[in-house]
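Note that the coordinates shown come from a computational prediction; the quantities given were computed from them, not determined experimentally. We name chains A, B, ... by the order of the sequence lines, and we start the count at 1 in each one.
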Protein chains: 2
Amino acid sequence: MRREFKKKSKILLIDDNYEHLAGIRELLNLEGTFDVVGIATNVTVGLNLIKKYQPDIVLLDMNMPERDGLQGIIEISKLDLGTKVLALSGYDDADLIFRAMKIGAKGYVLKTMASAQLIYAIEEVLNGKIYLPLALSSRFFEYFQQTFREESAAKENAEEEENLLNYLTQREEEVLELLTQGITYKGVANKLFISETTVKTHVNNIFQKLQVNDRTQAVLYAINNGFLTKKVKMAV
Amino acid sequence: MRREFKKKSKILLIDDNYEHLAGIRELLNLEGTFDVVGIATNVTVGLNLIKKYQPDIVLLDMNMPERDGLQGIIEISKLDLGTKVLALSGYDDADLIFRAMKIGAKGYVLKTMASAQLIYAIEEVLNGKIYLPLALSSRFFEYFQQTFREESAAKENAEEEENLLNYLTQREEEVLELLTQGITYKGVANKLFISETTVKTHVNNIFQKLQVNDRTQAVLYAINNGFLTKKVKMAV
DNA sequence: AAAGATATAGACCATATGGTGTATAAACAA
DNA sequence: TTGTTTATACACCATATGGTCTATATCTTT
């Protein structure tokens with residue numbers, strides 16, 4: 001009796017176009033190294049099949065009515081079965097690609113692409129890689145950079161204009177930090193082991209420096225000018 | 001006299017390794033379709049050459065001391081000459097790739113890659129495309145998805161646990177919105193054409209519903225629970 | 001018709017907050 | 001040594017804020 005050394009990878013297909021669904025199944029069966037454990041024409045059915053058969057990878061059509069592909073990716077990842085999702089779509093819509101990749105698709109291929117490329121994509125994803133064809137990654141990056149361009153432009157402006165927070169002394173920063181937590185003067189005094197009047201003095205100085213005239217505005221200024229993020233800031 | 005129909009693309013090279021610099025220059029000169037207008041071993045000199053020669057594309061080494069590659073990309077884009085930047089690096093450091101692409105590099109290639117691939121990358125970028133070799137885009141996406149995984153996990157939690165903001169009435173929301181702008185009760189009263197005591201009543205109800213006991217905490221709750229972003233929220 | 005939710009508004013009181021001025025000790029810079 | 005900055009602290013006072021209760025007019029829902 002022959003032992004099977006290489007277990008076939010379990011694949012599940014979800015696509016509202018049944019013709020296409022059947023076509024891919026044929027293709028994958030012919031290929032021989034895959035085991036198509038199920039097909040579904042909508043996400044709801046697909047999810048049940050995934051729970052039942054626990055496929056290694058799901059080929060998921062993005063352009064479906066009702067619960068669409070993006071939602072599908074989210075639902076599948078919520079199942080927490082480690083199922084990999086390879087997104088399929090008829091169009092190279094940059095926004096769709098971006099969102100799909102962002103929420104965790106392991107790859108994205110067009111239906112118009114050669115079957116060999118689909119097979120390759122599936123294999124790459126099964127090997128734990130993320131696969132996005134050059135043509136699509138190009139679209140992705142345009143969108144990606146455009147998205148961040150505005151963001152960084154805004155951030156730059158914010159950093160260009162002088163930040164009044166820089167004038168605060170060490171102690172004043174500590175006080176302000178506590179204020180941004182909604183703590184009362186008395187509370188601040190206790191936390192810092194100083195008297196309440198001292199806190200008031202610091203607070204007044206903070207108001208002067210930030211050119212505001214009450215707590216709320218000071219807190220808002222701090223939040224809007226990166227006071228909190230300074231300490232946490234990702235190096236992205 | 002022969003007319004030149006295809007103008008050679010102007011290229012500038014920046015790399016602190018002179019050997020490598022000279023090597024690439026040779027390669028590009030042999031290729032014949034490029035015109036290497038300058039080479040520099042640091043960003044400062046490079047910037048000056050860019051201003052002088054206005055190259056179409058800059059090959060920029062990422063791993064340089066002092067003003068490094070990332071900073072270089074930023075500086076170049078600040079010149080606002082539309083100069084395209086192709087990042088060069090010895091390593092496939094995911095973080096570096098991610099950051100370079102984020103701040104606008106048009107491509108990223110490894111020094112170890114075949115010269116044909118470098119030429120191809122340059123041509124793609126010159127044609128207005130963004131080029132990231134499959135091996136690198138794969139690294140990029142791993143990092144990209146990881147970065148967003150935590151973010152979306154946090155967001156999901158925030159949305160799962162019931163948001164006390166949902167209990168606010170229309171009017172209370174209006175009042176809260178004004179509070180988040182640091183406006184005083186009297187100010188709110190004037191803006192909404194109601195009496196100050198009415199504002200106080202609303203505010204007290206808001207405190208009850210949000211389970212806080214002062215303005216600052218209410219504002220913080222609102223900010224931390226997407227009160228403001230609800231209206232602006234990008235669909236990213 | 002009755003009950004409930006909402007927006008309005010007042011009284012009363014306690015406390016928190018903000019404004020201004022003054023003062024002292026320590027650390028530091030000119 | 002003198003002047004500056006910083007952290008500390010208090011007095012005094014005005015106003016803003018918050019807590020609780022009551023009350024009315026609409027409007028909706030049952």
Problem set entry | NZ/NE/NH1/NH2 to OD/OE distance under 4.0 Å, A:K78 and A:E75 | no
Exercise. Which whole-number value in Å describes the distance from B:I206 CD1 to C:dA7 P?
Worked result: 10 Å
Exercise. After noting the C-alpha distance and the side-chain angles of A:F144 and B:F140, does the key distance pass the ring-ring contact (aromatic ring centres under 6.0 Å, His included) rule?
Worked result: CA-CA 12 Å; A:F144 173 73; B:F140 172 94; 5.4 Å; yes
For this session: Send over the distance from B:E173 CD to C:dA7 P, rounded to a whole Å.
Result: 10 Å
Exercise. Any side-chain N or O of B:T184 under 4.0 Å from OP1/OP2 of D:dT17?
Worked result: yes
Exercise. Hey, what do you get for CD1 (A:I39) to CG (A:L59), rounding to the nearest 0.5 Å?
Worked result: 12.0 Å
Problem set entry | Side-chain N or O of A:T197 closer than 4.0 Å to phosphate OP1/OP2 of D:dC10 | yes
Exercise. Reckon A:N204 has a side-chain N or O less than 4.0 Å from the OP1 or OP2 of C:dG19?
Worked result: yes
For this session: Examine distances only and state if a side-chain atom of A:D68 and a backbone atom of A:M64 form a donor-acceptor pair shorter than 3.5 Å.
Result: no
Seminar exercise, completed: Taken to the nearest whole Å, NZ/B:K200 to C1'/C:dA11 is 10 Å
Seminar exercise, completed: Of the candidates D:dG18, D:dT20, D:dA9, the side chain of B:V203 sits closest to D:dG18
Exercise. For B:T201 and B:T216, take the nucleotide of DNA chain D holding the closest heavy atom to each; which residue's nucleotide lies nearer the 5' end?
Worked result: B:T216
Exercise. Quick one: A:L179 CG to C:dG18 C1', roughly how many Å, whole number?
Worked result: 13 Å
Problem set entry | B:Y108 OH to B:R139 CZ distance, which is reported to the nearest 0.5 Å | 10.0 Å
Exercise. Distance check: side-chain N/O of A:S195 vs OP1/OP2 of D:dC10, anything under 4.0 Å?
Worked result: yes
For this session: Whole angstrom is fine here: how far is it from OH in B:Y185 over to P in D:dT17?
Result: 6 Å
Problem set entry | Integer-rounded Å distance: D:dC21 C1' and B:N205 CG | 13 Å
Exercise. Under 4.0 Å between a side-chain N or O of B:T198 and OP1 or OP2 of C:dT8?
Worked result: no
For this session: Look at the side chain of B:I194 and decide which nucleotide, out of D:dA7, C:dT8, C:dA7, has an atom nearest to it.
Result: C:dT8
Exercise. Taking NZ from B:K186 and P from D:dA16, how many angstroms apart are they, rounded to a whole number?
Worked result: 5 Å
Exercise. Between D:dG19, C:dG18, D:dC10, which one does the side chain of A:F207 approach most closely?
Worked result: C:dG18
For this session: For B:E196 and for B:E172, find the nucleotide of DNA chain C with the closest heavy atom, then tell me which residue's nucleotide is more 5'.
Result: B:E172
For this session: Mind checking A:T169 for me? I need base, sugar-phosphate or nothing, with any heavy atom below 4.0 Å counting as a touch.
Result: sugar-phosphate
For this session: Could you tell me whether B:R215 and A:D214 make a salt bridge, using a distance below 4.0 angstrom between a side-chain N and a carboxylate O?
Result: no
For this session: Would you kindly give the CZ-to-P distance between B:F193 and C:dT8, to the nearest whole Å?
Result: 12 Å
Seminar exercise, completed: Walking DNA chain C from its 5' end, the first of B:H202 and A:N213 to be reached, judged by nearest nucleotide, is B:H202
For this session: Ignoring backbone atoms, test whether A:R215 places a side-chain nitrogen or oxygen under 4.0 Å from the OP1 or OP2 oxygen of C:dG18.
Result: no
